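Remember, predicted model here, so these are calculated numbers, not experimental data.
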Amino acid sequence: MTMTTPEQNVGATTGLPALGPEGTRLLRLLDDTFEGWGVAAGARPMTMPPLLPAADLAKLDYYDNFPHQAVVAAPLDLERRATTPFDTTAGRFPSDALEPAALGLPSASCYAVYLTHQGTQVADDALVTICSWCFRKETHYEGMRRQLGFRMREVVAIGAREHAENHLAEFTTRIQSFAKALDLPLRREAACDPFFDKGSSKAVLQRLTPVKYEFLYEDLAIASVNTHRNFFGERCDITLESTGGPAFTSCVAFGLERWLSALTRRHGSWASAERAVLEAGASGAAGPVI
């Protein structure tokens, strides 16, 4: 039987490809592995909603910082729908047939974590792990490499500054060890996330000390480690039980479909990619799997 690679999948150019049994099995294996890392570190598994109030995302400057990626959702306006029906030629509802878009489809899993902890006090060493559907508008879509809708596993630290920093250091080592065991050469590069106003002191600090590092296979970022300092702690009023001050946050993110693309490109088939992950687990490099 000829293998259908992620790049050949039906829906690859629309950003909405499907996965068959082999890809589904490998995605679950990877997600179990990454979740296992988080749980072993003490993270609480949580499940987040696929949509968030656009007003909450706006409060986090999401639509100012990432307007090029933003996707919103709106229900049909039942009164105007009769006069503005579905456009079969264009394959879409016209904007006049929709109510105002008050729901946002987040581009990363961690936003829901910060909003869920809004107005709460946390321990100095809180950890949460989640896997959510994420959505990004792109200039083009390509197989499992670049999608409109995709799954992201994250392990999020909320607490003291040292906790947030140590979280990233520990997972950087784990990612690099796992990639070595997979024979998957990854390049670690500093990147930039515009969480801070360009003229602010925090933005200047970001240019001096990067807040985001990506792990790239070829030209594709498949994982990242990110620190937000106390940005989300301040915006969401998340405070520390120990001091009452704003919590610091950091997150480690894994784009699951991107890992599928990298592994199948490197190892040539679903079966070989799955075998590489299982062997990395047997060697201990993958760490605990739940």
Side-chain angles (χ1 to χ4, degrees), residues 30-31 33-50 52 56-57 60-62 65-66 69 104 106-118 120 122-136 150-176 178 186 188-196 202 206 209-216 221-236 238 240 246-259 287:
L30 286 166
D31 189 41
T33 298
F34 301 142
E35 183 182 17
W37 294 357
V39 171
R44 294 182 299 128
M46 297 184 70
T47 300
M48 298 296 170
L52 296 170
D56 285 348
L57 288 171
L60 303 179
D61 296 341
Y62 177 73
N65 290 332
F66 304 101
Q69 293 182 342
S107 60
S109 298
C110 60
Y111 290 110
V113 175
Y114 311 131
L115 292 170
T116 298
H117 287 78
Q118 192 168 204
T120 65
V122 297
D124 284 4
D125 58 352
L127 283 173
V128 172
T129 184
I130 55 172
C131 183
S132 300
W133 278 97
C134 298
F135 303 87
R136 294 181 185 177
F150 58 96
R151 278 152 288 202
M152 182 184 292
R153 165 64 62 181
E154 293 205 42
V155 185
V156 182
I158 310 174
R161 180 199 293 265
E162 185 178 10
H163 169 59
E165 292 174 350
N166 289 342
H167 174 59
L168 300 190
E170 291 167 3
F171 271 80
T172 292
T173 299
R174 187 175 285 279
I175 291 168
Q176 291 172 329
F178 186 44
L186 296 186
R188 179 176 176 264
E189 288 190 356
C192 182
D193 266 345
F195 286 114
F196 314 115
K202 290 181 179 178
Q206 172 174 289
T209 306
V211 299
K212 180 186 185 77
Y213 284 94
E214 294 178 332
F215 297 87
L216 293 88
I222 64 175
S224 65
V225 293
N226 314 266
T227 179
H228 320 111
R229 302 193 175 95
N230 57 3
F231 176 84
F232 291 113
E234 290 179 343
R235 289 296 177 91
C236 295
I238 307 171
L240 295 174
F248 284 72
T249 64
S250 65
C251 66
V252 181
F254 304 91
L256 296 181
E257 283 85 355
R258 289 188 174 197
W259 276 84

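Geometric assessment of Arg188 against the ring of Tyr213 yields a positive cation-pi assignment under the 6.0 Å and 45° thresholds.
Counting only heavy atoms from C-beta outward, the side chains of Glu35 and Pro45 approach each other to under 4.5 Å. At least one side-chain heavy atom of Thr172 sits under 4.5 Å from a side-chain heavy atom of Phe215. Using a 4.5 Å heavy-atom threshold, the side chains of Trp37 and Val252 count as separate. Proximity of Glu154 to Val128: side-chain heavy atoms (C-beta onward) are nowhere separated by under 4.5 Å. At a threshold of 4.5 Å between non-hydrogen side-chain atoms, the residues Leu60 and Arg235 count as touching. Contact annotation: the side chain of Thr249 never approaches that of Val113 to less than 4.5 Å [non-hydrogen atoms, C-beta and beyond]. In this structure the side chain of Asp31 never reaches within 4.5 angstrom of the side chain of Arg151, judged on heavy atoms.
Here the closest heavy-atom approach between residue His163 and residue Asp125 is recorded as NE2-C, 3.3 Å. Minimum heavy-atom separation, Ala164 to Ser250: O-OG, 2.8 Å. The minimum heavy-atom distance linking Gly233 with Pro246 is given by the pair C-CB, 4.0 Å. Listed here is the closest heavy atom pair of Ala247 and Ile158: CB-CG2, 3.9 Å. The two residues Leu256 and Cys131 come nearest to each other via the heavy atoms CD1-SG, 3.8 Å.
Sparse packing is recorded around CZ of Arg161, with 12 or fewer heavy atoms of other residues, nucleotides or ligands lying under 6.0 Å away. At most 12 heavy atoms of other shown residues, nucleotides or ligands fall within 6.0 angstrom of atom CD in Glu162.
With hydrogens and angles disregarded, a donor-acceptor distance shorter than 3.5 Å links the side chain of His167 to the backbone of Val155. Checking side-chain atoms of Arg136 against main-chain N and O of Ser107 turns up a donor-acceptor pair under 3.5 Å.
Taking CG of Leu186 as the reference point, atom CD of Gln176 lies at 8.5 Å (rounded to 0.5 Å). Note that SG of Cys134 is 10.5 Å distant from CD of Gln69, once rounded to the nearest 0.5 Å. Atoms CD and CE, on Glu257 and Met152 in that order, are 10.0 Å from each other to the nearest 0.5 Å. Of the inter-residue distances, the one linking Cys236 atom SG with Phe231 atom CZ reads 8.5 Å to the nearest 0.5 angstrom. To the nearest 0.5 Å, atoms CE (Met48) and OG1 (Thr116) are separated by 4.0 Å.
Looking at Tyr111, Tyr114, Phe248 one by one, the single match for ring pair (Phe, Tyr, Trp, His ring centres under 6.0 Å) with His228 turns out to be Tyr114.
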Q: Quick one: do Cys110 and Asn226 satisfy side-chain contact (heavy atoms from CB on, under 4.5 Å)? Show the steps, please.
A: CA-CA 11 Å; Cys110 60; Asn226 314 266; over 6 Å; no
Q.
Using side-chain contact (heavy atoms from CB on, under 4.5 Å), reason through Val122 and Leu240 one step at a time and then give a plain yes or no.
A. CA-CA 5 Å; Val122 297; Leu240 295 174; 4.1 Å; yes
Q: Using the side-chain hydrogen bond (donor to acceptor under 3.5 Å, both in side chains) rule, take Arg153 and Thr129 through it: C-alpha gap first, then chi angles, then the decisive distance, then the call.
A: CA-CA 7 Å; Arg153 165 64 62 181; Thr129 184; 3.0 Å; yes
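Below 30°, between 30° and 60°, or above 60°: for Phe254 and Phe34 the angle between ring planes is below 30°, a parallel geometry.
Residues forming a salt bridge (Lys or Arg N to Asp or Glu O under 4.0 Å) with Arg258 (at least two apart in sequence, or on another chain): none.
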